[in-house]
Colleague: 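Starting off with a structure, shown below.
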There are 2 protein chains.
Amino acid sequence: MRPTVHDIAAKAGVSLATVDRVLNNRPGVRSVTRDKVERAIVTLGYVRDVAAANLAKGRNYPFVFILPAGDNSFMRGLEGEVRAAMARSASERTQITILPVPAFDAQALVQALSDAHQRRPAGVAVVAVDAPEVAEAVKQLRDDGIAVVTLVSDLPGSGRDHFAGVDNIAAGRTAGTLMGRFTCGRAGPIAMLAGSMLVRDHRDRLEGFTAVMAEEFPARRLLPVIEGQDDPVLVEKLVHALVEREPDLAGIYSLGAGNRGLIAALDKTGKSKMVCAIAHELTSHNRAALRSGTIDAVLNQDAGHEVRSAIRVLKARADGLAVIEAQERIRIDIFLKDNLPIEQA
Amino acid sequence: MRPTVHDIAAKAGVSLATVDRVLNNRPGVRSVTRDKVERAIVTLGYVRDVAAANLAKGRNYPFVFILPAGDNSFMRGLEGEVRAAMARSASERTQITILPVPAFDAQALVQALSDAHQRRPAGVAVVAVDAPEVAEAVKQLRDDGIAVVTLVSDLPGSGRDHFAGVDNIAAGRTAGTLMGRFTCGRAGPIAMLAGSMLVRDHRDRLEGFTAVMAEEFPARRLLPVIEGQDDPVLVEKLVHALVEREPDLAGIYSLGAGNRGLIAALDKTGKSKMVCAIAHELTSHNRAALRSGTIDAVLNQDAGHEVRSAIRVLKARADGLAVIEAQERIRIDIFLKDNLPIEQA
DNA sequence: ACATTTTTGATTTACGTACATCAAGATTTC
DNA sequence: GAAATCTTGATGTACGTAAATCAAAAATGT
């Protein structure tokens with residue numbers, strides 16, 4: 001059987017109360033006694049039974065998730081994963097509140113962070129907009145002992161505890177390699193379609209993509225970046241104009257959202273088979289387009305993993321425990337039509 | 001606060017003991033009383049505090065993992081993951097025993113299953129060899145109420161509770177799509193290198209690969225399958241002979257192990273850049289070859305996920321709980337040199 | 001109506017930890 | 001050397017559930 005606090009007390013020749021004082025570093029223990037107890041802990045290989053400890057403490061973790069509103073499929077999927085986590089809150093001792101904010105609105109996000117602050121949660125997870133005033137608001141939370149994790153889009157220099165999202169430069173590089181190799185049979189230029197250059201993840205993806213294209217496929221002509229504002233209607237219009245302007249277009253890398261528009265434009269112009277399309281996030285639209293062949297590859301970040309990782313990290317930080325960064329890294333999934341997971345409800 | 005057994009007792013107007021009898025379906029409760037209690041459970045939305053229950057029960061789960069011996073990097077990685085799970089056994093209340101068996105040896109595996117049976121564990125995880133006598137041995141375990149999960153390689157028709165591994169037909173199809181597209185600039189045939197056609201996962205991968213090649217790239221010539229017995233030395237010899245025999249070889253799909261030999265042969269013959277190589281499992285050799293460009297893509301199954309999933313399923317089965325199959329599906333990871341995760345210790 | 005069986009209640013102990021209280025012992029301070 | 005402080009022990013309660021015991025009550029059979 002694994003050792004308990006009683007075993008430590010016996011081994012160290014002290015009382016249970018003293019062991020408790022050491023374990024929960026309460027005051028009132030001489031350093032010699034503390035040493036004795038700590039040695040006993042090490043030699044016995046004691047590890048605290050977290051389940052029992054949480055039971056005794058009646059511990060629970062109030063968290064706030066700040067998510068962008070709007071009809072972005074990926075973000076709605078993310079919200080779904082947060083709600084799934086809320087459904088598990090009984091067994092995980094979490095109490096999660098969702099705070100919706102308008103997308104790409106730094107000021108609204110600052111307000112939401114302030115609202116979250118007032119609720120005095122143990123931690124906050126936020127899909128960040130990259131702006132100094134947002135970083136400042138995050139700092140205030142941290143100063144007040146509230147753990148902060150950025151979700152999907154990071155906010156460097158804010159002192160956030162952790163970023164639960166993918167390496168978007170690597171994602172862009174991967175897209176570049178796939179694009180370069182998939183289009184090796186065709187001449188013609190390659191287009192890049194972003195949502196907005198104001199958000200960090202889009203900038204990072206673009207950087208990785210253009211770097212690989214320059215290094216590995218220098219002969220390939222890259223068209224200027226198109227910004228579709230993640231809006232399906234605008235995206236469709238822009239892509240339609242693009243394929244008319246560039247009849248020998250070889251490929252298009254969509255590094256943001258609004259892919260419904262991209263798919264519609266390619267299908268309607270009959271370019272689906274000719275143009276190699278690579279997009280992000282395995283939404284239902286992208287999934288269908290992958291299956292039909294309109295989209296050739298999808299890079300995905302698993303929203304469920306991100307949410308669960310964020311919660312694990314927030315819990316650990318709330319308890320003052322260390323986080324194994326390597327274990328919390330979110331991978332970039334590559335989907336082709338042949339390795340699509342079965343759709344879930 | 002979430003409701004407790006006491007709340008149920010009060011609500012249903014019965015004693016705590018009766019609530020306990022209902023919850024753990026012990027005998028001695030009239031059906032009318034049982035109904036009253038169950039209604040109270042539903043209306044209060046009671047969910048058992050698993051942590052407290054396990055604490056009270058002192059529950060633990062003795063499991064046996066049967067793994068192939070030998071120097072197969074993937075299998076050693078798998079064993080590492082099982083050992084990592086053993087290190088967590090204190091907090092997970094598991095007691096895991098590893099039973100090594102010679103690889104590809106049905107008779108030895110039957111013996112190991114029988115040994116496992118005698119230990120009377122709550123569950124067994126086994127890397128299966130596809131043979132009727134193995135299926136029979138698995139059936140005997142199941143008949144004795146021991147949960148059985150196949151790991152990595154499945155054993156259909158054995159009545160195993162679950163398969164913790166990837167869809168190898170889909171893996172082969174994915175490899176086929178990548179191969180077809182990556183080699184679109186080059187003429188020349190494509191070779192397939194298997195370990196042995198006696199194991200099911202290799203057969204499945206081959207089936208998927210050849211199917212996609214036939215459907216999508218019918219012009220491409222496929223060479224007869226080479227069997228390298230997962231042995232690096234033999235593989236190197238065979239691949240060396242292959243590239244001399246087929247100087248315009250466009251690609252090679254290695255669907256088994258022993259990739260050290262493949263990498264060495266390609267590097268020594270100076271064919272690394274010309275031949276598109278796709279292999280399985282992100283071992284340290286494959287990782288290095290991916291980085292250097294000798295291997296172009298690696299399909300990976302995450303051994304850690306497989307082990308953790310197997311344990312979750314075994315626990316659920318031991319407790320007679322349902323398993324959400326969709327949640328336990330193991331994905332096929334595609335790695336290019338641009339999305340390689342940082343190497344871990 | 002009685003004996004018998006089944007059902008229910010009341011109560012206790014246990015799991016491993018947290019946390020509080022009070023008293024007693026050991027040290028330090030003046 | 002007495003007073004003040006610091007350190008430790010002893011003990012109890014709590015968290016939510018499991019499981020056992022024994023007594024009491026209710027239902028059943030004859």
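Reckoned from all heavy atoms, side chains included, excluding hydrogens, waters and symmetry mates. Protein chains get the first letters and strands the later ones, always in sequence-line order, with residue 1 at the start of each.
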Colleague: A:Arg34 has an atom CZ; how far is it from atom P of D:dC6, in whole Å?
Modeller: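 My rounded result for the distance is 15 Å.
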Colleague: Determine the contact category for A:Val14: base if any of its heavy atoms lies under 4.0 Å from a base atom, sugar-phosphate if only primed atoms, P, OP1 or OP2 are that close, otherwise nothing.
Modeller: sugar-phosphate
Colleague: Going by side-chain hydrogen bond (donor to acceptor under 3.5 Å, both in side chains), name the residues that satisfy it together with B:Asp20, two or more places apart in sequence or in a different chain.
Modeller: B:Asn24, B:Arg26
Colleague: Side-chain N or O of A:Thr4 less than 4.0 angstrom from OP1 or OP2 on C:dG16?
Modeller: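 Looking at the OP1 and OP2 atoms of C:dG16, neither is under 4.0 Å from any side-chain N or O of A:Thr4.
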Colleague: How many Å lie between CG on B:Leu55 and C1' on D:dT17, as a whole number?
Modeller: 8 Å
Colleague: Of all the heavy-atom pairs spanning B:Leu44 and B:Pro3, show the shortest one and how long it is.
Modeller: O-CG, 3.4 Å
Colleague: Are any protein N/O atoms closer than 3.5 Å to N/O atoms in nucleotides 18-28 of chain D? If there are, list each pair with its distance.
Modeller:
| unit_1 | atom_1 | unit_2 | atom_2 | d |
| --- | --- | --- | --- | --- |
| D:dA18 | OP1 | B:Asn24 | OD1 | 3.4 |
| D:dA18 | OP1 | B:Arg48 | NE | 2.6 |
| D:dA18 | OP1 | B:Arg48 | NH2 | 3.1 |
| D:dA18 | OP2 | B:Asn24 | ND2 | 3.4 |
| D:dA19 | OP2 | B:Arg26 | NH1 | 3.1 |
| D:dA19 | OP2 | B:Arg26 | NH2 | 3.4 |

Colleague: Using heavy-atom distances to pick each residue's nearest nucleotide on DNA chain C, tell me which of A:Leu16 and B:Pro27 is more 5'.
Modeller: B:Pro27
Colleague: Rounded off to whole Å, could you give me the CG-to-P distance for the B:Asp35 and C:dT7 pair?
Modeller: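 Going from B:Asp35 (CG) to C:dT7 (P), I get 14 Å.
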Colleague: Less than 4.0 angstrom from a charged side-chain N to a carboxylate O is my criterion; do A:Arg142 and A:Asp161 meet it?
Modeller: yes
Colleague: Flag this pair as yes if the NZ/CZ of A:Arg48 is under 6.0 angstrom from the six-membered ring centre of A:Tyr46 and inside a 45 degree cone about the axis; otherwise no.
Modeller: no
Colleague: Write down the distance between CD1 (B:Ile41) and C1' (D:dT17), rounded to a whole number of angstrom.
Modeller: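 Atom CD1 in B:Ile41 sits about 13 Å away from atom C1' in D:dT17.
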Colleague: Shortest non-hydrogen contact from B:Pro121 to B:Pro62?
Modeller: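 Heavy-atom minimum between the residues: CB-O, 3.2 Å.
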Colleague: For A:Gly28, answer base if it contacts any base atom (sugar-phosphate contacts may also be present), sugar-phosphate if it contacts only those atoms, and nothing otherwise; contact means non-hydrogen atoms under 4.0 Å.
Modeller: base
Colleague: Strictly below 4.0 Å, heavy-atom distances to any atom of DNA chain D: list the hits from residues 315-322 of chain A, or just say none.
Modeller: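 Output list: empty, so none.
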Colleague: Enumerate the salt bridge (charged side-chain N to carboxylate O under 4.0 Å, His left out) contacts for residues 114-128 of chain A, please, sequence neighbours excluded, ordered by first and then second residue.
Modeller: A:Arg120-A:Asp144
Colleague: Among all residues two or more places apart in sequence or in another chain, which pass the side-chain hydrogen bond (donor to acceptor under 3.5 Å, both in side chains) test with B:Gln95?
Modeller: B:Asn60
Colleague: So, applying side-chain contact (heavy atoms from CB on, under 4.5 Å) with A:Leu113, which one of A:Leu99, A:Val138, A:Val64 is it?
Modeller: A:Val138
Colleague: A:Ile8 CD1 to D:dG9 P: how many Å, rounded?
Modeller: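 It works out to 14 Å between those atoms.
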Colleague: Given atom CZ of B:Arg93 and atom P of D:dT17, what is their separation to the nearest angstrom?
Modeller: 15 Å
Colleague: With B:Asp167, which residues qualify under salt bridge (Lys or Arg N to Asp or Glu O under 4.0 Å), at least two apart?
Modeller: none
Colleague: Atom CZ of A:Arg59 to atom P of C:dC19: distance rounded to whole Å?
Modeller: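 Spelled out: CZ on A:Arg59 to P on C:dC19 is 10 Å.
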Colleague: Output the rounded distance in Å from NE2 (A:His6) to C1' (D:dG9).
Modeller: 14 Å
